[in-house]
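These notes are about the structure you will find just below.
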Amino acid sequence: MNVFALLFLVLGLGLIAWLTARARASRMAGASSARRLHSLPGQHGWYVATWAVVPALIFIVVWANISPGLVTESVLSTPAAAQLPGFGFERETILNEAYSLAQGNSQGAFYPLSEQLAPAYATAIARYNWIGTAIALLLAFAFGALAFTRVKPDFRARTKFERAVMLLLLVASLIAILTTLGIFLSLIFESVRFFSIVPITDFLFGLNWSPQVIRADDPGANLGALPLFWGTFFIGAVIAMLIAIPFGLMSAIYLTQYAPRSFRAWMKPILEILAGVPTVVYGYFAALTVGPLIRDFAVMLGFQFASAESALSAGLVMGIMIIPFVSSMADDSIAAVPTAMRDGSLAMGATTSETIKRVLIPAALPGVVAGILLAVSRAIGETMIVVMAASGAANVTLNPFEGATTVTKQIVDLLTGETAFDSPKTLAAFALGLTLFMITFVLNIVALRVVKKYREAYE
């Protein structure tokens, strides 16, 4: 049976378990001679449904990972498998072709042996699918029936179910933490390999970035990443923020202090739609529209060799993309300031603009600064816009009409192609990723510290 069909079947059994347990608890509650139920009938239903579904789902996940190995071992024990090559690419190709034929995903095979092994694969897949289905259903019935026998008036189903929910939330939080830790450790492991080849000082402070030409006697000579860090800072933290901060902050001030409620009700969602636009769309907009316009403008100013792939085009569009982020954070911070402070300032004779400058903005400043720092970390981690709109030239320049590149674009370039995985060129992508990870991590910590230290508590 298909895994998804089995999942739906188990969930269906869970629904039946919920209905039957709830009905039994309701009958107990309605009996005149019965004691008052400790928990609601629905809580009894959720308790039984949880025990009917969760063990079976855990088994399905485990079985989905171990059954392919069991299927392959079963096929290798057949007489036809004796003709397989010992080891290597050809052996794996034959087995993959046979598996595809057995699944019906392929109409033919390059190797005749694959067609001979396909029936054995089909038989083994069917057998182990039925074994997995039977065990999963048996677990659902067994644990569901055991939980159903515990449905009694004095049974603390609510407490048990709440503990299960707390455990689920704990597992979810641990998954997020362990995923972040796994990403960090994988970057550390590969970066250590890179820095064993290239000195860390050459990488962090070198001014020459040419990974296409790596010298065997001095591999760090062409892997100086300082131009990449400058390009990332120049595009993401300077140009983009010069666009996002003023427009985002002004839009937040207008929507919270000047705009009528009817206008704010539909204008704020429209502004936040920008945050939902895929970044690849921004990339197309930057490459096809903004880039040529900026190039023509630069030529008009006298920059004869201006290119459409410039730092200004990427940073400008990136800033437009970040506007909703800054605006939303500033909006929430300003709206959190008590109305009494605003009314008191106006009652003392201050104008609306003076109240905004001297009362609201200082009171909301911690939240605004935290939002800006988070927006910076979002900008320097952007990939698609710089891939499509910025050039690959690693320059240290203050001219926004010149080409520049970023860390994220170079990671994409380094990990595409046919370069060996253990070469300094490929490993440099992990070192760049680790550096970018640490920068964004520090920015997030600073933002949280700013909010925690300077947050005002109003009554």
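Position 1 is the first residue of the sequence; numbering continues from there. Computed over heavy atoms, backbone and side chain alike; hydrogens, waters and symmetry mates excluded.
In the displayed structure, Met166 atom CE is contacted under 6.0 Å by at most 12 heavy atoms of other residues, nucleotides or ligands. Residue-environment remark: NZ (Lys160) stays at or below the threshold of 12 foreign heavy atoms within 6.0 Å. For Phe247, the CZ atom sits in a loose shell: 12 or fewer heavy atoms of surrounding residues, nucleotides or ligands are nearer than 6.0 Å. Applying the 6.0 Å contact sphere to CZ of Phe263 captures more than 12 heavy atoms from other residues, nucleotides or ligands. With a 6.0 Å radius and a threshold of 12 heavy atoms from other residues, nucleotides or ligands, Phe205 has its CZ atom at or below the threshold. Within a 6.0 Å radius of OH in Tyr284, other residues, nucleotides and ligands contribute 12 heavy atoms or fewer.
Salt-bridge annotation for Lys357 and Glu354: absent, with no side-chain N of the basic residue lying under 4.0 Å from a carboxylate O of the acidic one.
Judged by distance alone, the side chains of Gln257 and Thr352 never bring a donor and an acceptor atom under 3.5 Å apart.
Under the 3.5 Å distance criterion, the side-chain polar atoms of Thr289 are left unmatched by any main-chain donor or acceptor of Ala286. Looking at Ser313, its side chain never comes within 3.5 Å of a backbone N or O of Glu309 through a donor-acceptor pair. No side-chain donor-acceptor contact under 3.5 Å links Ser328 to the backbone of Pro324. Counting only distance, with no hydrogens or angles, the side chain of Ser191 and the backbone of Phe430 share a donor-acceptor pair below 3.5 Å.
Not counting sequence neighbours, Thr279 has no partner by the side chain to side chain donor-acceptor pair (under 3.5 Å) test.
Classification of the Phe203-Phe195 ring pair by plane angle, with boundaries at 30° and 60°, yields perpendicular.
For the pair Lys409/Leu228, no side-chain contact is recorded, criterion being any heavy-atom separation below 4.5 Å from C-beta on.
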Would you mind writing out the side-chain donor-acceptor pairs for residues 170-178 within the sub-3.5 Å range, not counting sequence neighbours?
| from | atom 1 | to | atom 2 | distance (Å) |
| --- | --- | --- | --- | --- |
| Ser173 | OG | Leu169 | O | 3.3 |
| Ser173 | OG | Leu170 | O | 2.7 |

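A cation-pi arrangement, defined by a distance under 6.0 Å to the six-membered ring centre and an angle within 45 degrees of its axis, is absent between Arg378 and Phe325.
Not less than 6.0 angstrom separates the ring centroid of Phe184 from the ring centroid of Phe441.
Sorted by first and then second residue, the side chain to side chain donor-acceptor pair (under 3.5 Å) pairs with a member in residues 230-253 read Ser251-Ser327; sequence neighbours excluded.
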